[in-house]
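Note that ligands are numbered from 1 as they come in the structure, with each ligand's atoms numbered from 1 the same way. Atom set for the values below is all heavy atoms of this structure, side chains included, hydrogens, waters and symmetry mates excluded.
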Amino acid sequence: MPQPSPAYPSSVPVGVDTTRASIARVYDAALNGKDNYEVDREVLAQVRSVAPQVNDLAWANRDFLIRVCRFLARAGVDQFLDLGSGLPTAENTHQVVQRVSPQSRVVYVDNDPSVLVHGQALLASNSRTRIAEADIFRPLDVLGNATVRQELDFTRPLALFHIGTLHHYLGEDGPTLMQNYIDALPSGSFVAIAHFHDPETAEYSELARKMEEKFIHSPMGSGRFRTRDEIQALFGDLEMVEPGLVRCDDWWADGPHLTPLSNVRNCILGGVGRKR
Ligand SMILES: C[S@@+](CC[C@H](N)C(=O)[O-])C[C@H]1O[C@@H](n2cnc3c(N)ncnc32)[C@H](O)[C@@H]1O
């Protein structure tokens, strides 16, 4: 007797809800990935109605992450705690830093079932890279996580990434949250953050506010565009690495911008701070 067709393709990992948008899958869709569903693409469609270039937010963020990885690996950092890793794509953190220093250790942390399943599959044969499940907005949970503690040596400098993540934190106590992480890092460590930005200018503030409105009222439910001062406060009293907190595209760009940046690229800032 013929069997009824399954509700979803068999490639959908157990535990993945394809009826609710997920931050990781919306981001994957913006980067032209294939691990996303209609409900995720619909979030982008809603934001695209006010910001046609919305995918550029994701690209600016991702390219910043890759340049930060290269910079820190070349600076001698060999331990990375990447909070909110996202779905595997081209040039993941461990691939970039282990190309520079094969002995580098990377721990990814995420709480999205798709990310955990795909991450575990990708990392099965890499003994220096692990993925841990925890809520990245609960620093004490992350810092006490067994995998994080086993893999990383908190007596030596490490790099902590909160890249493309904190705008999904809707609370007002982001600086305190980040201070918990910063306090746990040894001297010489680095913290990298990229965050949606309200430029507070007549030209771009309205664009930021409209995108925020769409993201927050979409099935994804998050995406705050904070001001420069609010984003800077997330670094506490870390010493900012040149050029400081700037548009992601301007943080040690790979070359001159040959064409004008799209408007939305003014709406995401990135920076790297160093603990003295
Ligand atoms: C936009 S992606 C950024 C991925 C990557 N950091 C990058 O910059 O390319 C945000 C990631 O953070 C994860 N995330 C969001 N909130 C989280 C939470 N409370 N705990 C753990 N992970 C979370 C999502 O699942 C997603 O994978």
Contact (N/O only, under 3.5 Å) between [X] and ligand 1:
X	answer
Leu83	no
Ala24	no
Gly84	yes
His168	no
Ile23	no
Asp112	no

At what distance is the nearest protein heavy atom to [atom], and which residue and atom is it?
atom	value
atom 24 (C) of ligand 1	Asp110 OD1, 3.5 Å
atom 23 (C) of ligand 1	Asn111 OD1, 3.5 Å
atom 10 (C) of ligand 1	Gly164 O, 3.5 Å
atom 7 (C) of ligand 1	Tyr27 OH, 3.3 Å
atom 20 (N) of ligand 1	Ile136 N, 3.0 Å

Salt bridge check: are [X] and [Y] linked by an N-O gap of less than 4.0 Å?
X	Y	value
Arg209	Glu212	yes
Asp254	Arg70	yes
Glu213	Lys210	no

Please could you name the atoms of ligand 1 that [X] approaches to less than 4.0 Å, counting only its heavy atoms?
X	result
Ile163	3 (C), 5 (C), 6 (N), 7 (C), 8 (O)
Asp135	18 (C), 19 (N), 20 (N)
Gly86	4 (C), 27 (O)
Ser85	4 (C), 5 (C)
Phe137	16 (N), 19 (N)

Notebook entry, point to check: At under 4.0 Å between heavy atoms, which part of Leu65 makes contact with ligand 1: side chain, backbone, both or neither?
Noted result: side chain
Would you say that [X] contacts [Y] through its side chain, given a criterion of any heavy-atom pair below 4.5 Å between the two side chains?
X	Y	value
Val39	Thr19	no
Pro199	Arg247	no
His94	Arg130	no

Item checked: Test item: Lys275 side-chain N/O and Phe190 main-chain N/O as donor-acceptor pair under 3.5 Å ->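 Side chain of Lys275 to backbone of Phe190: no pair is present.
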Notebook entry, point to check: Within less than 4.0 angstrom of ligand 1, does Ala134 place any heavy atom?
Noted result: yes
Margin query: Does Glu206 have more than 12 heavy atoms from other residues, nucleotides or ligands lying within 6.0 Å of its CD?
Written below: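 No, not enclosed.
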Note to self: Tell me whether Arg138 at atom CZ has more than 12 heavy atoms from other residues, nucleotides or ligands lying less than 6.0 Å away.
What the structure shows: no
Next item on the list: Carefully, step by step, assess His197 and Tyr204 under the rule ring pair (Phe, Tyr, Trp, His ring centres under 6.0 Å).
Entry: CA-CA 10 Å; His197 175 222; Tyr204 300 122; 9.6 Å; no
Margin query: Does Phe215 form a side-chain contact (heavy atoms from CB on, under 4.5 Å) with Arg224? I'd like the steps, not just the answer.
Written below: CA-CA 8 Å; Phe215 273 127; Arg224 287 277 311 273; over 6 Å; no
Notebook entry, point to check: Using a side-chain heavy atom cutoff under 4.5 Å and only I, L, V, M, F, W and Y, what cluster partners does Ile216 have?
Noted result: Leu170
Check: Which option out of Thr165, Asn61, Val109 puts a heavy atom nearest to atom 8 (O) of ligand 1?
Finding: Asn61
